[in-house]
*Asks:* 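Okay, handing you the structure first.
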Number of protein chains: 2
Amino acid sequence: MQDSEKKNKKEEIYQEAAKLFRQKGYNAASMRDLAERVQLKASSLYSHIGSKEEILAKICFDNAHHFIAGMEAVEAMKTDNAKKIKALLLLHIRTAIEETTSVTVFNDEWRHLSEPQLGEFILLRKDYENRFRKIIKDGEETGELKKMNTEILLYSLLNSVQWLHYWYKPEGKIKQAELEKDIVMMLMEGIASRKPKNRKD
Amino acid sequence: MQDSEKKNKKEEIYQEAAKLFRQKGYNAASMRDLAERVQLKASSLYSHIGSKEEILAKICFDNAHHFIAGMEAVEAMKTDNAKKIKALLLLHIRTAIEETTSVTVFNDEWRHLSEPQLGEFILLRKDYENRFRKIIKDGEETGELKKMNTEILLYSLLNSVQWLHYWYKPEGKIKQAELEKDIVMMLMEGIASRKPKNRKD
DNA sequence: GTCTATAACTTGATAGAC
DNA sequence: GTCTATCAAGTTATAGAC
């Protein structure tokens with residue numbers, strides 16, 4: 001089974017739609033556009049899918065559940081909070097690399113969902129953020145993390161890894177291992193080099 | 001002159017358009033929408049502006065020039081590179097707070113520009129990034145910055161401050177001074193607290 | 001400058017033949 | 001399941017009266 005050529009048309013539509021939504025944005029992407037890319041007429045799409053928004057919803061909720069599953073795995077880890085945060089950063093980095101297209105749509109286009117799906121999606125986001133916030137707060141209490149505003153810390157971390165797809169090209173020069181190492185180092189220890197001012201050792 | 005009420009209609013249209021583009025995204029925002037908000041019929045808008053895209057272009061290029069002007073000021077500073085980077089972070093933070101709406105549209109909606117404006121805009125972006133990259137490289141050479149991949153450092157810094165508007169509310173609890181202090185500290189020195197393991201002083 | 005009317009087009013989605 | 005034909009609604013923008 002040469003998986004790249006034929007296989008399931010429905011699957012092909014979903015994948016091509018994600019690419020299209022990513023390239024043009026949800027609203028600028030038309031069903032005629034999409035149909036052409038899967039070599040169908042626009043009306044034929046509706047034998048496979050229910051509506052344009054159904055495609056967007058599937059992409060958004062699949063990714064939301066993926067991140068929540070990752071969060072559950074991290075919460076179950078028996079380690080300190082700093083390691084849990086590192087694990088979450090890696091979850092974001094790896095997903096951004098392995099599922100670039102769909103995670104981009106998830107990140108950028110979810111707001112074009114309409115109610116009641118929009119509300120449900122926002123609840124899932126909030127749930128994820130709350131559980132991330134809990135780990136940060138625990139880390140602050142144990143003294144693993146610097147004393148600073150929890151919200152600033154939470155969202156600065158998220159921002160750093162949530163928008164990777166805007167510049168990182170998996171096929172480019174930077175390898176995944178280097179990306180993971182440097183981002184984690186930078187966020188945990190900062191960009192400034194330790195000043196060898198009062199060195200003793 | 002009660003600046004909030006009457007004044008210039010053209011100015012009002014631009015400001016309201018920025019709000020609308022931010023709320024709905026450029027494509028989902030209609031000229032009828034916009035007209036209603038400035039209490040005109042859609043056709044009357046065209047006595048003040050040339051086209052929908054002209055509004056988007058103005059927002060995008062105004063902001064691009066603002067950031068490039070800020071970059072020029074920083075380049076002219078007679079300080080080390082770490083301080084220049086701090087100054088650029090503050091430029092982003094302050095702009096995000098003071099010009100939330102327009103900087104959001106600038107950040108999120110520029111890709112809906114059409115050629116040749118799109119190409120020109122991308123050149124301005126690249127120029128800004130190149131000049132930022134130069135400061136980082138200088139800082140790496142002098143040993144002010146940790147040794148890590150320059151691209152990762154550049155874009156992680158930019159990501160952290162470019163997407164502030166997604167969570168920071170100027171009218172919320174966190175004050176601007178705290179935001180500036182914590183973000184700069186976090187990026188320069190990381191989130192992990194110095195371990196008091198081998199303390200000597 | 002603002003309006004009504006409308007041109008010219010694109011949108012998501014459906015009906016029904018094959 | 002795919003097609004042609006089409007609908008109803010929405011889009012930006014213009015023409016021309018006032």
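Chain naming here is simple, since letters A, B, ... match the order of the sequence lines and numbering starts at 1 in each.
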*Asks:* Flag yes if more than 12 heavy atoms outside Gln39(B) fall under 6.0 Å of its CD atom; otherwise flag no.
*Replies:* no
*Asks:* So, under a plain 3.5 Å distance rule, would you say the side chain of Ser43(A) forms a donor-acceptor pair with the base of dT2(D)?
*Replies:* no
*Asks:* Measure from OH on Tyr26(A) to P on dT10(C) and round the result to the nearest Å.
*Replies:* 20 Å
*Asks:* What are the residues of residues 104-119 of chain A, sorted by number, that bring a heavy atom to within less than 4.0 Å of DNA chain C?
*Replies:* none
*Asks:* Choose from dA13(D), dG1(D), dG12(C) the nucleotide whose nearest atom is closest to any side-chain atom of Tyr46(A).
*Replies:* dG12(C)
*Asks:* Under 3.5 Å, is there a donor-acceptor pair linking the side chains of Glu53(B) and Ser114(B)?
*Replies:* yes
*Asks:* Tell me, please, whether Phe132(A) has Lys84(A) positioned over its six-membered ring: NZ or CZ under 6.0 Å from the ring centre and within 45 degrees of its axis?
*Replies:* no
*Asks:* Roughly, in whole Å, what's the span from NZ in Lys52(B) to C1' in dA13(D)?
*Replies:* 12 Å
*Asks:* Specify the separation, in whole Å, of atom CG of Leu56(A) and atom C1' of dT11(C).
*Replies:* 16 Å
*Asks:* Would you say Asp62(A) and Ser102(A) are linked by a side-chain donor-acceptor pair, where the criterion is simply a distance under 3.5 Å?
*Replies:* no
*Asks:* Check whether any side-chain nitrogen or oxygen of Ser44(B) sits under 4.0 Å from OP1 or OP2 of dC3(C), and answer yes or no.
*Replies:* yes
*Asks:* Classify Ser51(B) by what it touches in the nucleic acid, base, sugar-phosphate, or nothing, heavy-atom distance under 4.0 Å.
*Replies:* sugar-phosphate
*Asks:* Between dA13(D) atom C1' and Leu45(B) atom CG, what is the distance in whole Å?
*Replies:* 11 Å
*Asks:* Return yes when atom CD of Glu36(A) has more than 12 non-hydrogen atoms of other residues, nucleotides or ligands closer than 6.0 Å, and no otherwise.
*Replies:* no
*Asks:* Should the ring pair Phe106(B) and Phe121(B) be called parallel, tilted or perpendicular, given that the plane angle runs from 0 to 90° and is split at 30 and 60?
*Replies:* perpendicular
*Asks:* Name every residue in residues 27-41 of chain A that has at least one heavy atom under 4.0 Å from any atom of DNA chain C, in order of residue number, or write none if there are no such residues.
*Replies:* Ala29(A), Ser30(A), Met31(A), Arg32(A)
*Asks:* Suppose the criterion is ring-ring contact (aromatic ring centres under 6.0 Å, His included): which pairs have a residue in residues 76-98 of chain B, not counting sequence neighbours?
*Replies:* Phe67(B)-His92(B), His92(B)-Tyr128(B)
*Asks:* Nearest-Å distance, CD1 (Ile49(A)) to P (dG12(C))?
*Replies:* 10 Å
*Asks:* Measure from NZ or CZ of Lys52(B) to the centre of the six-membered ring of Tyr26(B), then state whether that distance is under 6.0 Å and the direction lies within 45° of the axis.
*Replies:* yes
*Asks:* Give the rounded distance in Å between these two atoms: CG of Leu20(A) and C1' of dT11(C).
*Replies:* 14 Å
*Asks:* With ring-ring contact (aromatic ring centres under 6.0 Å, His included) as the criterion, how do Phe61(B) and Trp110(B) come out once you've worked through the C-alpha distance, each side chain's angles and the decisive distance to 0.1 Å?
*Replies:* CA-CA 9 Å; Phe61(B) 284 99; Trp110(B) 61 267; over 10 Å; no
